[in-house]
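I have placed the structure first, in the form of structure tokens, so that the comments after it can refer back to it.
Just so you know, these numbers come straight off a predicted model, no measurement behind them. Order of appearance sets the numbers: ligands from 1, and atoms from 1 within every ligand.
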Amino acid sequence: MDFKLLAAAVLLAAAPASAETPRMEEASNAAAEIIDMRSSLAKAFIEPGAEITPETFKNVCGRVGARVKELSETRGMKIRHAAEKYRNPANKAASEEAALIARFAGDKDLNEVRDELFIDGASYSRVTRPIFVEEACLACHGDRDARPAFIKEKYPDDRAFGYRPGDLRGIISVTVPENPAGEKR
Ligand code: HEC
């Protein structure tokens with residue numbers, strides 16, 4: 001067995017309480033904040049029946065993207081969205097993410113999964129939360145033909161349509177270093 005993996009397994013077994021570290025809480029709060037932010041902005045900027053323009057997109061997802069960038073830069077967080085029916089191909093769920101998505105799909109009461117990663121001697125706390133579709137999302141994630149023109153053009157490989165309120169849209173994972181780079185345990 002790979003020594004690094006073995007060491008990780010031992011550490012994991014020895015540190016069950018670490019699921020409640022302040023950094024884990026921070027990751028959990030950041031994931032919740034991003035989900036709530038997208039939801040509130042979509043409700044605030046999308047009027048039923050009104051045309052969805054690139055400007056609308058900037059006000060909703062653009063602001064969410066800016067906050068994600070800010071959290072990454074100021075708090076060293078790594079924030080990732082993933083979906084099986086994705087819009088941006090960069091967000092295509094990897095197999096481990098697909099397994100998490102399946103877990104959330106199978107248990108609608110599960111509101112987050114916390115785990116620890118050990119990479120190159122550093123440990124990271126990760127919190128993954130499910131993202132659900134609401135009425136306001138349908139303006140851009142509803143029926144295929146009803147998608148705004150700029151979305152059809154910009155995402156030729158788009159799969160993120162045909163959703164209904166309550167559907168699991170995907171996941172957000174926030175990863176934070178527990179022992180920031182340079183600090184040896
Ligand atoms: C104004 C149009 C618009 C609205 C409204 C909108 N989205 Fe999106 N959404 C997009 C676009 C465009 C992308 C791709 C962004 C990119 O290129 O990374 C996207 C990407 C996403 C992603 C990342 C995964 C992927 O498929 O690439 C998630 C998750 C998501 N949207 C969820 C939601 C949810 C939940 C709502 C409602 C609260 C919502 N969206 C409302 C346009 C929208």
query: Can you tell me if V60 has a non-hydrogen atom under 4.0 Å from ligand 1?
result: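 No; V60 lies far enough from ligand 1 that no heavy-atom distance drops under 4.0 Å.
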- request: Give a yes/no on ligand 1: does I131 have at least one heavy atom closer than 4.0 angstrom to it?
  value: yes
Select one of side chain, backbone, both or neither to describe which atoms of [X] lie under 4.0 Å from any atom of ligand 1, heavy atoms only.
| X | value |
| --- | --- |
| I46 | side chain |
| R169 | side chain |
| K154 | neither |

message: Ignoring hydrogens and geometry beyond distance, is a side-chain donor-acceptor pair present between T21 and E178 at under 3.5 Å?
response: yes
task: Examine the side chains of H81 and R38 and answer whether a donor and an acceptor come within less than 3.5 Å of each other.
output: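 Present: a donor and an acceptor within the cut-off.
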message: For atom 17 (O) of ligand 1, tell me which residue out of F45, F150, Y163, Y155 has the closest non-hydrogen atom.
response: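 Comparing heavy atoms across F45, F150, Y163, Y155, the nearest one to atom 17 (O) of ligand 1 lies in Y155.
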task: Output yes if C61 passes the N/O/S-under-2.8 Å test against atom 8 (Fe) of ligand 1; output no otherwise.
output: no
- request: If you have a sec, work out which protein heavy atom is nearest atom 38 (C) of ligand 1 and how many Å separate them, to one decimal?
  value: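 Nearest protein contact, heavy atoms only, for atom 38 (C) of ligand 1 is C137 SG, 2.7 Å.
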message: At less than 4.0 angstrom from any non-hydrogen atom of R38, what atoms of ligand 1 do you find?
response: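 Checking each atom against R38, I get 30 (C), 32 (C), 33 (C), 34 (C), 35 (C), 36 (C), 39 (C), 40 (N).
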field: Ligand-side contact atoms (ligand 1) for residue partner F57, heavy atom cut-off under 4.0 Å
entry: 1 (C), 10 (C), 11 (C), 12 (C), 42 (C)
field: Contacts of D107 that satisfy salt bridge (charged side-chain N to carboxylate O under 4.0 Å, His left out) - sequence neighbours left out
entry: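 Checked D107 against salt bridge (charged side-chain N to carboxylate O under 4.0 Å, His left out); zero matches.
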